[in-house]
Number of protein chains: 2
Amino acid sequence: MAENMKHLLLTACLWLTVSAAAQQNVKFTESSIESPVVNADRSVTFTVAAPDAHAVAVHGDWEANGGTADLVNCGQGIWKYTTPPLPSEMYTYRLTVDGVDGLDPTNPFTRRDVGTVFSIFYVGGGCADYYQVRDVAHGSVAQVWYHSDALHADRRLSVYLPPHYGESGKKYPVLYLLHGSGGDENAWLELGHAARILDNLIAEGKAKPMIVVMPNGNADKQAAPGETSENLSYRPAMTHTMPSYKRGSFESSFPEIVSFVDNNFRTLPDKAHRAVAGLSMGGFHTLFIALNYPKDFGYIGLFSAGLDFSAVDCSLPAYNNMPQKLQSLKREGYSLFWIAIGKDDFLYDQNTAFRTTLDNEGVGYEYHESSRGHLWCNWRQYLLQFVPRLFR
Amino acid sequence: MAENMKHLLLTACLWLTVSAAAQQNVKFTESSIESPVVNADRSVTFTVAAPDAHAVAVHGDWEANGGTADLVNCGQGIWKYTTPPLPSEMYTYRLTVDGVDGLDPTNPFTRRDVGTVFSIFYVGGGCADYYQVRDVAHGSVAQVWYHSDALHADRRLSVYLPPHYGESGKKYPVLYLLHGSGGDENAWLELGHAARILDNLIAEGKAKPMIVVMPNGNADKQAAPGETSENLSYRPAMTHTMPSYKRGSFESSFPEIVSFVDNNFRTLPDKAHRAVAGLSMGGFHTLFIALNYPKDFGYIGLFSAGLDFSAVDCSLPAYNNMPQKLQSLKREGYSLFWIAIGKDDFLYDQNTAFRTTLDNEGVGYEYHESSRGHLWCNWRQYLLQFVPRLFR
């Protein structure tokens with residue numbers, strides 16, 4: 001080894017040793033254990049050092065074996081489990097050590113879904129290639145605040161601006177993308193991978209460059225948990241969404257969002273260049289936004305939409321006169337009414353019933369049925385299918 | 001209970017039960033355990049349900065008892081520990097269950113610091129009131145990409161735009177805020193709470209409205225771990241920063257960032273309206289940026305700066321001729337040269353030696369000495385002190 005190389009290494013080691021002692025709690029090198037490891041055959045191996053534990057298990061959102069398995073003690077305190085080969089996707093999982101549920105201690109990558117934080121990994125070679133970062137031009141992502149007179153609050157929304165927005169001087173079409181119950185303005189970015197899906201589809205020429213606006217659909221809340229003046233006392237939970245879910249206030253306030261976006265970004269501000277889509281509760285919102293503003297959105301997407309109208313007060317302006325509103329939407333016209341749901345989704349029957357209503361009213365739509373249930377893997381895949389259809 | 005109330009509750013419960021069964025892995029209500037709880041006396045109680053565990057401990061970044069304690073089994077599988085009263089701050093911690101290190105299972109709020117994910121909480125009544133969200137006008141935060149010819153890459157940076165930037169039409173001064181080794185363009189937002197500190201100081205009239213630019217200071221990397229085309233194979237670790245730390249490439253590429261910011265945001269593009277500050281490695285970067293571009297930055301902040309020049313190649317243009325460059329900076333003039341470090345910081349002696357150099361060269365500066373070591377609590381507090389001094 002050359003002397004200057006030795007000196008460099010010595011200096012680096014010394015610096016790191018001192019640094020590590022001083023930087024409380026933060027590990028400065030990678031763990032010697034790498035977990036998870038995605039193997040060549042797309043199986044995934046989890047490894048946990050737990051010399052004092054009696055039982056270690058993994059619980060993930062893959063389909064094989066219900067996503068659950070016990071890790072096996074391989075000696076010297078090391079526990080392991082390898083999944084069967086998995087389809088390409090982004091997966092979330094947690095580990096249970098002696099009955100206490102937690103993250104994979106050596107995996108620094110996490111996502112929060114409603115009130116639970118998960119470790120994550122990607123299995124490439126398919127749709128997950130669109131969820132990961134590639135060497136392509138990237139759009140920018142911003143969290144901005146708008147004022148809602150209707151909801152009496154400053155409220156936060158996320159915006160994706162396509163690559164070259166800054167220098168192009170062009171105007172762009174807009175997709176409004178709505179989250180589900182328990183979600184917030186970060187959900188489509190963090191779990192939905194919306195910015196990466198857009199970057200990658202645009203780079204391949206499969207999607208038109210567009211702006212994507214992701215508002216907060218919880219009418220009683222200003223922003224995501226931790227981002228409001230309630231701070232950490234607003235803990236994420238689906239139950240927080242319920243009070244205002246079907247009161248019509250979010251749908252009625254929606255024109256304020258469109259107007260804010262048209263005033264603050266270079267949009268093409270007409271129906272031909274506006275789409276609205278949402279998952280679960282966001283699908284319910286999407287439907288009534290499309291019905292109440294039939295002159296405004298040329299593209300409509302219902303992803304595993306919550307279409308239980310039994311708890312809806314049909315005297316509210318947001319929800320009244322559905323048959324007339326469907327006829328009005330039909331009369332005004334639209335370019336795409338896109339409905340998708342998984343075979344195992346608990347909202348499957350509601351969606352079937354709603355399609356019967358559309359059929360009876362002669363309102364045209366496209367229907368896509370996927371496998372599995374009410375899961376983010378479906379919503380990412382629906383976005384991947386829906387976005388290339390927009391603004392053509 | 002009124003009949004309509006009963007009906008509403010019944011419907012809600014039914015919906016939630018069905019929903020919960022279908023939404024794999026995601027809990028839909030808050031846990032019955034609340035942990036941590038910040039008590040009225042500013043002590044903090046941790047509670048963990050771990051009926052099968054033999055030992056549960058907490059490790060946090062508070063000073064009392066070195067931030068470490070065992071939880072006590074209070075029966076029925078519930079473990080508890082209460083800290084002494086803590087000074088107002090944002091705190092990070094992890095729990096160890098039977099030797100395996102993890103998060104607090106009922107706390108959904110986390111931050112990653114280098115390669116470790118921590119649970120977090122705030123103790124209010126002091127500086128942490130500036131780190132939390134208040135009912136004030138909020139700035140926006142964006143992650144944008146710029147091209148660096150010098151570093152041959154598209155690179156990501158974070159930008160804070162002050163409240164009312166969108167509608168004001170005004171031009172603003174800019175603070176360039178640099179992270180440390182192991183950090184990235186998200187560190188000052190996530191751990192440093194920069195956007196909230198700015199929002200709250202601006203709302204109180206204690207800081208001028210300004211733009212804050214937080215670039216990625218790891219010259220070999222395009223963006224934060226997980227946000228580059230290496231995806232999850234780029235695991236965060238301080239060691240990843242080392243190869244390029246003292247090669248001068250980040251400092252030499254800095255004018256590209258300034259030029260990008262001046263071209264894409266409404267800035268006041270002169271020395272009187274530009275500040276640069278950084279922590280640890282970012283303090284080292286700040287010093288050489290200030291020395292190499294003495295006509296560009298009127299305000300300079302070194303926060304626990306890494307000022308070990310022994311591993312620096314002094315023949316590199318970025319690092320050569322320090323005495324002459326100090327004289328040149330002195331001649332060109334500046335409004336503030338602000339240096340802060342903690343008494344227990346492992347870089348304390350380096351900072352003392354550097355202040356002697358400044359004294360010998362007759363270069364004026366302000367010096368602030370705090371308690372504790374190389375920790376985010378100090379860097380947040382330094383930012384809180386430094387920002388009100390800018391652009392006056």
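Chain A is the first sequence line, chain B the second, and so forth, proteins listed ahead of strands; every chain is numbered from 1.
- Contacts between B/Arg196 and chain A at a heavy-atom distance below 4.5 Å involve the side chain alone, from C-beta outward.
- Each of A/Thr228, A/Thr110, A/Asp154, A/Val117 has some count of heavy-atom pairs under 4.5 Å with chain B, and the biggest count is that of A/Thr228.
- Annotation: maximal heavy-atom pairing with chain B below 4.5 Å, among A/His54, A/Glu34, A/Arg112, occurs at A/His54.
- Residue B/Leu103 touches chain A through its side chain alone, counting heavy-atom pairs closer than 4.5 Å.
- In terms of non-hydrogen atom pairs under 4.5 Å with chain B, the most contact-rich of A/Leu232, A/Asn264, A/Leu161, A/Val144 is A/Leu232.
- For B/Tyr131, no part lies under 4.5 angstrom from a heavy atom of chain A.
- Interface summary for chain A: among B/Thr106, B/Val100, B/Val48, the most heavy-atom pairs under 4.5 angstrom belong to B/Val100.
- Annotation: salt bridge (Lys or Arg N to Asp or Glu O under 4.0 Å) contacts of B/Asp199 (sequence neighbours excluded): none.
- Ring planes of B/Trp62 and B/Tyr91: perpendicular class, angle over 60° (limits at 30 and 60°).
- Heavy atoms of B/Pro225 lying under 4.5 Å from chain A belong to its backbone as well as its side chain.
- Most heavy-atom pairs under 4.5 Å with chain B: of the set A/Ala195, A/Pro108, A/Ala137, this distinction falls to A/Pro108.
- Neither the backbone nor the side chain of A/Ala223 has a heavy atom closer than 4.5 Å to any heavy atom of chain B.
- With a 4.5 Å cut-off on non-hydrogen atoms, B/Ala153 does not touch chain A at all.
- Chain B forms more heavy-atom pairs under 4.5 Å with one residue of A/Phe109, A/Tyr165, A/Tyr93, A/Phe121 than with any other, namely A/Phe109.
- Atom CE of residue B/Met281 and atom NZ of residue B/Lys246 lie 10.5 Å apart, to the nearest 0.5 angstrom.
- Both the backbone and the side chain of B/Ile120 come within contact range of chain A, judged by heavy atoms closer than 4.5 Å.
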Q | B/Asn186/B/Arg156 under side chain to side chain contact (heavy atoms under 4.5 Å, CB included): CA gap, chis, key distance, verdict | A | CA-CA 10 Å; B/Asn186 295 331; B/Arg156 195 171 179 249; 3.8 Å; yes

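- Within the 4.5 angstrom heavy-atom criterion, atoms from both the backbone and the side chain of A/Glu227 approach chain B.
- For the pair A/Glu190 (side chain) and A/Arg111 (backbone), a donor-acceptor distance under 3.5 Å is absent.
- Checking side-chain atoms of B/Ser119 against main-chain N and O of B/Asp104 turns up a donor-acceptor pair under 3.5 Å.
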Q: Please assess B/Trp379 against B/His374 for the test ring-ring contact (aromatic ring centres under 6.0 Å, His included), listing each intermediate value before the final yes or no.
A: CA-CA 8 Å; B/Trp379 304 325; B/His374 207 65; 5.0 Å; yes

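- With hydrogens and angles ignored, the 3.5 Å screen pairs a side-chain donor or acceptor of B/Asn200 with a backbone N or O of B/Gln132.
- The two residues B/Val133 and B/His138 come nearest to each other via the heavy atoms CG1-CE1, 3.5 Å.
- Between A/Arg372 and A/Asp61 no salt bridge is recorded (no basic side-chain N to carboxylate O distance below 4.0 Å).
- Chain B forms the most heavy-atom pairs under 4.5 Å with one residue out of A/Ala53, A/Gly166, A/Gly226, and that residue is A/Gly226.
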